[in-house]
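The structure appears right after this line, and notes come after that.
Computed from a predicted model, the values in this text were never measured in an experiment.
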Amino acid sequence: KQDRGPGRLIAVHIIHHGAMAGQEARHLLVLVDKSDELALRESELRFRSFTDTRMTLLRATDAHQQPEHFNQGWLDFVGLDLERALTGDVWRTRLHPDEAARVLDTYANCWDQRQPFRMDYRLRHRDGQYRWIRDEGMPRQDSAGWFIGYVHHCQDITDLIEARQALDQLSGELQLKEERLRLSLEANREGLWDWNVETGATYCNPAYFEMLGYEPGELAPNADSLGVALLHPDEREATVTAARERLRNEGWYDLEFRLR
C-alpha cells in the first residue's frame, strides 16, 4: 500500500516469511521513498499536457539525441503521426541543405557543453516548402540533476523573415533612388531643400548653399533660417501663404520667388 506523509510519498512493501521449524512467522516491512519518481512522472505529464498545442512546435530528445516526444504542433508541421515521427530522424532529414552543416555544428557544440542555444534555420514543411524556424533549446535534468536530453521550443517565423527581407529590399531601393537623385542634382547644379513638416527636420544639399553663396552649416538647420528668412520681403507673405495652402491640400506646388 501507499502512505502519504507530509510532502513525501512512501511505498510500503510487506514481505511475509513463513514459519520454519522452531521459528515463528515473520513480516518484513520495506519502506521506499517514491516522492522523486512521482514528481518526475507528474512533471512529464504536465510537460506533455502543456506542449500539446498547435501554437508552438516542441520536441524533446533523450540523453542520446534520440527523439522522445513531439507535440501536436510539430507533428502537424511535418505531417506525421507520433509513432512515425519517433521511429525516424525527422528533424535532421528536413533541414535545408544550405544550412544543415551550420545547424548541426551549433547543435553538437551546445550539446557537448550542455548549454542552451537559439538559432534560426529553414525546415521542410509537410507541403514540401521550406519555412523559417526559430529553435530555442534548453538542457533537461531529472530530479537528481542528471542530464536527460534537450527540449526544443520552436516557432514558425517565416512571415517575420519575409517581412524583414521585403523591408530591406525596399530600403535598398529607396537608397538607390536617393543616390540617383543626388547625382542628378549635382550634375545639373540644382539646389534641394527638404523639410519634414511633422518633425521639423530640414536638409539642404551643397548646391543649395553654393547657389546662394553660403557655406554648409552657416545657416541654422530649421525651416525659418533656410527658407522663410531668406525670402524677399515683398514676396514673403504671398509665398508662405501659397506654400501652406498647397501643403494643406497635400499637393505639389511650383512657385517663383527671390532668395537672399
Side-chain angles (χ1 to χ4, degrees), residues 2 4 7-11 13 32-162 164:
Q2 293 182 341
R4 285 189 177 273
R8 308 298 295 176
L9 176 67
I10 305 299
H13 302 274
V32 180
D33 190 342
K34 293 287 188 177
S35 300
D36 291 341
E37 180 181 336
L38 178 64
L40 180 60
R41 187 182 308 121
E42 291 178 343
S43 176
E44 290 178 346
L45 289 174
R46 286 196 301 270
F47 170 77
R48 292 177 186 271
S49 175
F50 172 74
T51 60
D52 191 16
T53 171
R54 291 170 172 79
M55 298 300 294
T56 54
L57 316 178
L58 291 110
R59 65 187 182 93
T61 55
D62 62 20
H64 305 288
Q65 299 189 18
Q66 297 303 308
E68 187 174 86
H69 178 70
F70 297 94
N71 79 328
Q72 192 59 47
W74 218 97
L75 296 174
D76 290 344
F77 185 91
V78 297
L80 296 175
D81 57 31
L82 182 58
E83 182 179 0
R84 291 179 59 195
L86 291 174
T87 56
D89 200 350
V90 178
W91 176 64
R92 285 182 174 84
T93 57
R94 281 169 167 74
L95 290 171
H96 194 284
D98 294 344
E99 295 155 2
R102 170 183 64 84
V103 172
L104 295 176
D105 185 59
T106 300
Y107 183 49
N109 290 335
C110 292
W111 180 281
D112 291 341
Q113 301 176 35
R114 306 295 192 257
Q115 294 295 319
F117 64 82
R118 171 177 166 175
M119 54 182 170
D120 298 345
Y121 54 82
R122 284 170 289 179
L123 195 68
R124 192 171 72 248
H125 189 260
R126 64 175 181 271
D127 62 7
Q129 300 297 315
Y130 284 93
R131 297 187 65 82
W132 281 98
I133 296 297
R134 174 159 294 165
D135 187 343
E136 297 184 63
M138 291 292 296
R140 299 164 55 209
Q141 295 179 334
D142 61 15
S143 59
W146 291 99
F147 173 72
I148 58 174
Y150 266 79
V151 59
H152 300 256
H153 181 280
C154 305
Q155 291 180 302
D156 186 338
I157 59 170
T158 304
D159 292 343
L160 176 63
I161 294 294
E162 291 180 348
R164 185 181 300 164

Side chains of [X] and [Y]: closer than 4.5 Å at any heavy-atom pair?
X: P139; Y: P116; result: yes
X: V103; Y: H96; result: no
X: D159; Y: R131; result: yes
X: E99; Y: R122; result: yes
X: D135; Y: R59; result: yes

Determine, step by step, whether I157 and I133 satisfy the side chain to side chain contact (heavy atoms under 4.5 Å, CB included) criterion, reporting the C-alpha distance in whole Å, the side-chain angles of both residues, the deciding distance to 0.1 Å, and the verdict.
CA-CA 6 Å; I157 59 170; I133 296 297; 6.0 Å; no
Interatomic spacing from [atom1] in [X] to [atom2] in [Y] - rounded to 0.5 Å:
X: Q155; Y: L58; atom1: CD; atom2: CG; answer: 9.5 Å
X: R134; Y: T56; atom1: CZ; atom2: OG1; answer: 14.5 Å
X: C154; Y: E136; atom1: SG; atom2: CD; answer: 8.5 Å
X: Y150; Y: Q115; atom1: OH; atom2: CD; answer: 7.0 Å

So, does [X] use its side chain to make a donor-acceptor pair with the main chain of [Y] at under 3.5 Å?
X: R126; Y: L75; result: no
X: D62; Y: Q66; result: yes
X: D120; Y: W132; result: no

Are there more than 12 heavy atoms of other residues, nucleotides or ligands under 6.0 Å from atom CZ of R84?
no
Please confirm whether R114 makes a cation-pi placement over F147, using NZ or CZ under 6.0 Å from the six-membered ring centre and within 45° of the ring normal.
yes
Side chains of H125 and D127 only: does a donor on one sit below 3.5 Å from an acceptor on the other?
yes
N109 and Q113: side-chain donor and acceptor closer than 3.5 Å?
no
Specify the closest pair of heavy atoms between [X] and [Y], including all atoms of both residues, with the distance to one decimal.
X: D89; Y: T93; value: O-OG1, 2.8 Å
X: P97; Y: Y130; value: CD-OH, 3.7 Å
X: L80; Y: R94; value: CD1-NH2, 3.9 Å

Tell me whether the rings of W74 and F77 are parallel (<30°), tilted (30 to 60°) or perpendicular (>60°).
tilted
Y107: partners by ring-ring contact (aromatic ring centres under 6.0 Å, His included), with sequence neighbours left out:
W91, W111, F117, H152
